[in-house]
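As structure tokens, the structure follows; a few thoughts come after it.
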Amino acid sequence: MHGPHDVGGRDGLGPVIEVFKDPDQPPFRYAFEGRMHALTAMAIAGGAFNLDEQRHGIELMPWAHYTDSNYYEHWLYSVEKLLNDKGIITHEEIDERVRTQPAGSFTANPPKPETLSPLADKMMGVLWAGTPHNVDTDQEPRFAPGDTVRVRNINVASHNRLPGYLNRAVGVVHWHHGAHHDPAASAHRQVDEPNHLYTVRFDKADLWGSEVADGQGDFHLYADLFESYLDPADA
Amino acid sequence: MTTPEKLESGKLSWMSLDDVEARVRALESLLVERGLAESAAVDAVVNAFENDMGPMNGAKVVARAWTEPDFKEWLLRDATSAIGSMGFTGLQSEHLLAVENTDDVHNVIVCTLCSCYPWTLLGIPPAWFKYPQYRARVVKEPREVLKEFGVELGPEVRIDVWDTSAELRYLVLPQRPAGTEGWSAEQLAEIVSRDSMVGVALVSVPS
């Protein structure tokens, strides 16, 4: 879906925020950011929801909220919604806890615990092993490097990983990466389904028109796109 | 609402930041009660993100590629295996591609849809990578955005912009600066900045 998250090429969001460019900015600018990040990773590892559902939850945010908020407010919004919709923790329970919890604040930069609980140990394993997304399949890829493809005109209001600025653009397959799990199937049906994945190269003028592209010198735009987003260019 | 002051300070929030924190505290305590989290485990994960994952890992990969031609060839051909051999496989670095800067091509990475980034190699992405401004603009006016980051490229240099819209993660292999002949991999790793591995900076020798 082309929700508020799908900002590629949009005008009017303003310049890159100057203070953010300071190379000494810490990984987490506020203590709640690190907590939110770790809690999300833990809830995913615990099977409460998956990464694609979490991304989709962010895409469903109201536009103004998304644009004007702290990055980890996006995560909070999505995690709250998923836990509520799945009956794990309701919004009302969080409201109630906010009202009744003792005053306090998170401690930034927590030290490494001296001993790891089984859950902490499991999380360290997740951090340093990862969760690969490739899926075995017998399906033959439809495209090969060098093929010219046209991005399908996809405007469904459900989860996918197609940036809106690429709708209907014509590009050339640069790499084929085998099949990865399909984000839509994962977000909406919680299943792993194979979808061949390609890196596709686009021409700047085809994307933005010559008035804009000419002023930017030579550049190529590459995006990682699933086979289901692509048609042969001559189709 | 966004105001120029809020934008300049980077303190964007829809709720107040205190209210966000209170809500995350409430969420944490409820997740603990449901058996989905433990506060000490959260400490451990935050600590790992703040200390063990970060650009010092990516810098080791770059420095090794600069000093070992075989490793560089491996990194460019199969970055996932190459970084795996150094122990840097992990969350959000499961499928890695390395793209090389040359005299003719400069690479820059973006995730227009969210904030995809190789955590084990570069750590938590910087705020500019995660907020909408950079993501909106760098796919459309990369030369202008790079200039704002202080990277002025000649007209002969093509820019390759990589929108990491799936589960592949990218590492820019920057150009090794002149004046570092004979340096060890350890010395070289010291000068490889995070921003150079995303493509919004060049590596230079500190004066």
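Just so we're on the same page: letters track the sequence lines, and every chain starts at 1.
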Chain B heavy atoms under 4.5 Å from [X]: which part of the residue, side chain, backbone, both or neither?
{"X": "A/His177", "value": "side chain"}
{"X": "A/Leu51", "value": "side chain"}
{"X": "A/Leu221", "value": "both"}
{"X": "A/Arg161", "value": "both"}
{"X": "A/Glu18", "value": "neither"}
{"X": "A/Tyr30", "value": "side chain"}
{"X": "A/Glu80", "value": "side chain"}
{"X": "A/His174", "value": "side chain"}
{"X": "A/Ala129", "value": "backbone"}
{"X": "A/Leu162", "value": "backbone"}
{"X": "A/Pro183", "value": "neither"}
{"X": "A/His37", "value": "side chain"}
{"X": "A/Thr199", "value": "side chain"}
{"X": "A/Phe226", "value": "side chain"}

What heavy-atom pair brings [X] and [Y] nearest, and what distance separates the two atoms?
{"X": "A/His91", "Y": "B/Arg23", "answer": "O-NH2, 3.9 Å"}
{"X": "A/Asp224", "Y": "B/Ser165", "answer": "O-OG, 2.7 Å"}
{"X": "A/Gly34", "Y": "B/Val46", "answer": "O-CG2, 3.3 Å"}
{"X": "A/Ala103", "Y": "B/Arg25", "answer": "C-NH2, 3.9 Å"}
{"X": "A/Leu119", "Y": "B/Leu36", "answer": "CD2-O, 4.5 Å"}
{"X": "B/Met15", "Y": "A/Leu76", "answer": "CE-CD2, 3.9 Å"}

Within this structure, what is the [atom1]-[atom2] distance for the pair [X] and [Y], rounded to the nearest 0.5 Å?
{"X": "B/Glu167", "Y": "A/His181", "atom1": "CD", "atom2": "NE2", "result": "6.0 Å"}
{"X": "B/Lys140", "Y": "A/Tyr165", "atom1": "NZ", "atom2": "OH", "result": "12.0 Å"}
{"X": "A/Ile89", "Y": "B/Leu31", "atom1": "CD1", "atom2": "CG", "result": "4.0 Å"}
{"X": "B/Ile159", "Y": "A/Asp218", "atom1": "CD1", "atom2": "CG", "result": "9.0 Å"}
{"X": "B/Tyr131", "Y": "A/Thr67", "atom1": "OH", "atom2": "OG1", "result": "12.5 Å"}

Residue among [options] with most heavy-atom pairs under 4.5 Å to chain B:
{"options": "A/Tyr71, A/Phe32, A/Phe28", "result": "A/Tyr71"}
{"options": "A/Thr131, A/Asp95, A/Val212", "result": "A/Thr131"}
{"options": "A/Tyr222, A/Tyr66, A/Phe219", "result": "A/Tyr222"}
{"options": "A/Val16, A/Leu127, A/Val79", "result": "A/Leu127"}
{"options": "A/Val19, A/Leu83, A/Ile94", "result": "A/Ile94"}
{"options": "A/Pro23, A/Gly3, A/Ser105", "result": "A/Ser105"}

Which residue, A/Gln216, A/His220, A/Lys204, forms the side-chain contact (heavy atoms from CB on, under 4.5 Å) with B/Pro142?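 With B/Pro142 as partner, side-chain contact (heavy atoms from CB on, under 4.5 Å) holds for just one option, A/Gln216.
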Would B/Lys130 and A/Glu33 count as a salt bridge (Lys or Arg N to Asp or Glu O under 4.0 Å) if you check the C-alpha gap in whole Å, the side-chain angles of each, and the deciding distance to 0.1 Å? CA-CA 13 Å; B/Lys130 296 186 284 205; A/Glu33 298 187 339; 5.2 Å; no
Is a side-chain donor or acceptor of A/Gln101 paired with a backbone partner of B/Ala22 at a separation under 3.5 angstrom?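 Side chain of A/Gln101 to backbone of B/Ala22: a pair is present.
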Measuring only between side-chain heavy atoms, which start at C-beta, is B/Val139 closer than 4.5 Å to A/Trp208?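 The answer is yes, as the side chains (C-beta and beyond) meet within the 4.5 Å cut-off.
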Just say parallel, tilted or perpendicular for the rings of B/His95 and A/His180, cut-offs at 30° and 60°.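 It falls in the tilted class, 30° to 60°.
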Full working for salt bridge (Lys or Arg N to Asp or Glu O under 4.0 Å) between A/Lys122 and B/Glu38: CA-CA 12 Å; A/Lys122 172 183 145 185; B/Glu38 292 166 5; over 6 Å; no
